[in-house]
Amino acid sequence: MKKPRVIYWFRIDLRLHDSPALKAALDLEPAAFWPIFTWDPHYVYRARGGSNRWQFLLDCQNDLSNSITKLNPKSKLFVLREAPQSLLPKLFKAWKVTHLVFEKDTDAYAIERDNAVTKAAEEAGVKVIVRSGRTLWDSQEIVKQHGGKPTMSITQLQAAGNRIGPVRKPIPAPNHIPDPGEMPLDFVQDQPVTKPDVNAERRSESDTGYHSIAGPNGDFAVETLEELGLPAATTPHRGGETVALKMLAEIVADTKYLATFEKPKTSPAQFEPQSTTLLSPFFHFGALSPRLLYWRAEEAAKAYGKGASSPPVSMTGQLLFRDMYFAAHAALGPVFTQTAKNPYCRFIPWHLPSKRDPETGLVTGEYHVDSKQADDWLKRWRNGMTGFPWIDALMRQLKHDGWIHHLGRHSVACFLTRGGCYIDWERGCEVFEEWLLDHEPACNAGNWQWLSCSAFFSQYFRCYSPIAFGQKWDKQGELIRRWVPELKDLDAKYIYEPWKAPISVQKKAGVRVTGDGLSTEPGAGSGTYPKPMFDFSERRQVCIAALKTAYDVGLHGADAPVLDGTWRDMFPSDEHAEIQGRFLSDDDGEGADNGHVEEAHAGDGAASGDKRTAGKAAAEKPKKKQKTMADYVISTRK
DNA sequence: CTGTGTGTTGCCTCC
DNA sequence: TGGAGGCAACACACA
């Protein structure tokens, strides 16, 4: 029998411990064993990401490479710069490979890529071994156990999981890595298609990553940010399995913290140290196995006994949610990360809706500017210049550190969508995709659908206040003082609402609340902080009314009217510009707040006035004619 | 079909 | 200062 010559293809599993795929590869007792990473242009040019996340990836690769070398000085993580679809078939031949082993990846592009590579391997007579290892349970198995449908609640996920069986116990890291074989590169390198490059605007220099397969020194080294033409990262959070295991050990040492963890009770305002584990970026790159945290948490709960928390709020609950989103994504495929063509995502005619490819129906990354004002609001939200210090602090922390607390994400996401700006959740999703270290397509899209009340969650009248919610956790506004230095000397009484501070108080604090938040840069430099971009309570009412209308219409992303544009006929016309996603009344600028639209109608005597009227009307079955927004606004205002 | 219980994490007021 | 209740009320699973 031919001795196995094995390529282990690392992708989203940058670790040695608890890797079922790696174990399967080593169990072959290879005569030659190549741990490789393909620097894939499809990923490099299509995955939106800033320097922070690229650096975290490079950290993980470097750490893994060092760990491999520690087990075998002849080996390391060999990085090859070419698309795996073209490269691997050449390697099969040149290196006389018998087996290709990798961890299962259920992301949209990954499935396409792995199918192509698997087909090529079969044609070359190379045996492919795939193992699930990224989630508690195999996501595709969960889908199967859930009747082929996406898991849309934690109980559904748990039920499907129970049918599969207990979460598998962690596998120890290997203590031996076989030698690599010869690595001839006597073939032509396929040059990548480098355009379009979604990260072009983030590169300060040109990308030289593809000049040769084995890198600039021909030694298969891990890439560098310089090579990629990216500026230095700003985040203090660094990657790698070694760091992850050290952080995990510290968490495990605190049995009480781990056993009694309740996510909703952890503070989004706490920093240095943060109130949660910060392990999510390691899960994203596979530097830490979720099953390891799962079983450590179970053990801690057992040791702690009575008083331990349980899902969904417990630590294991957090991991279950992750599995839920992965399985939902696995069931629906690429449409899970968008509204259009997604039968489980409610259609709400937000501002700034995505443009779609007419062929595939998939979003292109561009959007329609139906409202100049909404586009300005999006810019200000992204820049941390909304004029709401709590929101701005979180957005600046997110941009700089690549991480904010889960409840902070709730706060800013609600604000952008159903609780303020009424902007498409896909716009926010893209910003998180760029900035989050732990960005996971499934979890990100799932959480944005949740917060925008498009799927998973529907109580749109529960609205995060950009003022009260932060105050609940941080009376003194410490998080704001840290991230919005303009306001660092402002009295706590005004720190969440600086526009209410008398001029004398502003003077004393060395800040003027003025400007539109677009013409100045964030920071203490100008001595100013922008005025709030709208009256929150007015916007809250506009949004609730608009959400109510959309719920009454009851369309979902895969419905024909959504795809052919006739949805417009199903929404009340004339006065309801906002909820039609074609609000354009800000042409002549000058404080043309959307609130005015509603004020006008509030005065035209249409409303019945009683809170219960709105409630009863809503309880009645499908209405030809919905209650008008003005009715609702008045009745809720009472 | 109808009713009921549940759903990770709202805000405000009151005591 | 923190917990309970009111607010007005959706979607889904399940009986």
Task: Pairwise C1' distance, B:dT8 and C:dG6 [rounded to whole Å] - done: 22 Å
Open item on the list: Can you measure A:R462 atom CZ to C:dG5 atom C1' for me and round it to whole angstrom units?
Closed with: 13 Å
Task: Contiguous pairing runs of three or more, Watson-Crick or G-U under 3.5 Å, that involve DNA chain B - done: B:2-7 with C:10-15, B:10-15 with C:2-7
Task: Side-chain heavy atoms of A:R134 within contact of A:K104, under 4.5 Å - done: no
- [ ] Using the C1' atom on both, measure C:dA9 against B:dG5 and round to a whole Å.
- [x] 14 Å
TODO: Check for a donor-acceptor pair, side chain of A:W381 on one end and backbone N or O of A:V412 on the other, with a separation under 3.5 Å.
DONE: yes
TODO: Report the distance from atom CG of A:L555 to atom P of C:dA11, rounded to the nearest whole Å.
DONE: 13 Å
TODO: Flag as yes if A:Y551 stacks onto the base of C:dC10 (centroids under 5.5 Å, planes under 30°), otherwise no.
DONE: no
- [ ] Identify, residue by residue, the members of residues 141-157 of chain A with a heavy atom below 4.0 Å from DNA chain B, and return them in order of residue number, or none.
- [x] A:I154
Open item on the list: Less than 4.0 angstrom from a charged side-chain N to a carboxylate O is my criterion; do A:R382 and A:E434 meet it?
Closed with: yes
- [ ] Classify the ring geometry between A:F285 and A:F56 as parallel (under 30°), tilted (30 to 60°) or perpendicular (over 60°).
- [x] parallel
Open item on the list: Regarding A:W473, tell me which of base, sugar-phosphate or nothing describes its non-hydrogen contacts under 4.0 Å with the strands shown.
Closed with: nothing
TODO: Quick one: list whatever passes side chain to side chain donor-acceptor pair (under 3.5 Å) with A:T316, sequence neighbours left out.
DONE: A:S314
Task: A:D438 and A:H284: side chain donor to acceptor below 3.5 Å - done: no
Task: Residue pair A:Y422, A:W377: steps toward the ring pair (Phe, Tyr, Trp, His ring centres under 6.0 Å) verdict - done: CA-CA 10 Å; A:Y422 198 66; A:W377 288 347; over 10 Å; no
TODO: Look only at the side chain of A:D491 and the backbone of A:Y494, and say whether a donor-acceptor pair between them is shorter than 3.5 Å.
DONE: no
Open item on the list: I need the CD-P distance between A:Q158 and C:dC12, as an integer number of Å.
Closed with: 19 Å
Task: DNA chain B contacts made by residues 257-275 of chain A, counting heavy atoms under 4.0 Å - done: A:K263, A:P264
Open item on the list: Tell me the interatomic distance from A:I544, atom CD1, to C:dA9, atom P, rounded to whole angstroms.
Closed with: 10 Å
Open item on the list: Quick check against the 3.5 Å criterion: does A:N444 have a side-chain atom that pairs as donor or acceptor with the backbone of A:H439?
Closed with: no
TODO: Name all residues meeting the side chain to side chain donor-acceptor pair (under 3.5 Å) criterion together with A:E497; count only those two or more places apart in sequence or in a different chain, and write none if there are none.
DONE: A:K500
Open item on the list: Under 6.0 Å between ring centres: does that hold for A:F388 and A:F534?
Closed with: yes
Open item on the list: Does the plane of the ring in A:W403 sit parallel, tilted or perpendicular to the ring in A:H405? Use 30° and 60° as the thresholds.
Closed with: perpendicular
TODO: In plain terms, say whether A:E430 and A:R427 are close enough for a salt bridge, that is, a side-chain N and a carboxylate O under 4.0 Å apart.
DONE: yes
Task: Whether A:F456 and A:W450 hold their rings parallel, tilted or perpendicular, with breakpoints at 30° and 60° - done: parallel
TODO: From the options C:dA11, B:dG10, C:dC10, select the nucleotide whose nearest atom is closest to the side chain of A:R346.
DONE: C:dA11
Open item on the list: If I take atom CD in residue A:Q459 and atom C1' in nucleotide B:dG10, what distance separates them, rounded to the nearest angstrom?
Closed with: 10 Å
- [ ] Take atom NE2 of A:H556 and atom C1' of C:dC10, then tell me their distance rounded to the nearest Å.
- [x] 11 Å
Task: Distance, rounded to the nearest Å, where A:F457 contributes CZ and B:dT6 contributes C1' - done: 13 Å
Polar-atom pairs under 3.5 Å, protein N or O versus N or O of nucleotides 11-15 of chain B: list them with distances, or write none.
{"from": "B:dC11", "atom 1": "OP1", "to": "A:S465", "atom 2": "N", "distance (Å)": "2.6"}

Task: Rounded distance (Å) that lies between atom C1' of B:dT8 and atom CE of A:M324 - done: 10 Å
